[in-house]
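Heavy-atom basis, side chains included; hydrogens, waters and symmetry copies ignored.
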Amino acid sequence: MNELMINDIKVENLIYEVRGKQVMLDSDLARLYKCANGTKSINLAVIRHIN
């Protein structure tokens, strides 16, 4: 099976299903992208690029 791993973290284990949609937590994304400010950087990026 093809597994996507970043920094020894299986990405597929970070994907959850909520109300029929696949989602990832902002804390998990911040950890994957190694954000210095943690979730604040991820949330600001989402607000800036809402479309």
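Rounded to the nearest 0.5 angstrom, N43 CG and N37 CG are separated by 11.0 Å.
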With a 3.5 Å cut-off and sequence neighbours excluded, list the donor-acceptor pairs that the side chains of residues 14-25 form with protein atoms.
none

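The residue from D26, D28, L29 that alone fulfils the side chain to side chain contact (heavy atoms under 4.5 Å, CB included) condition with T39 is D26.
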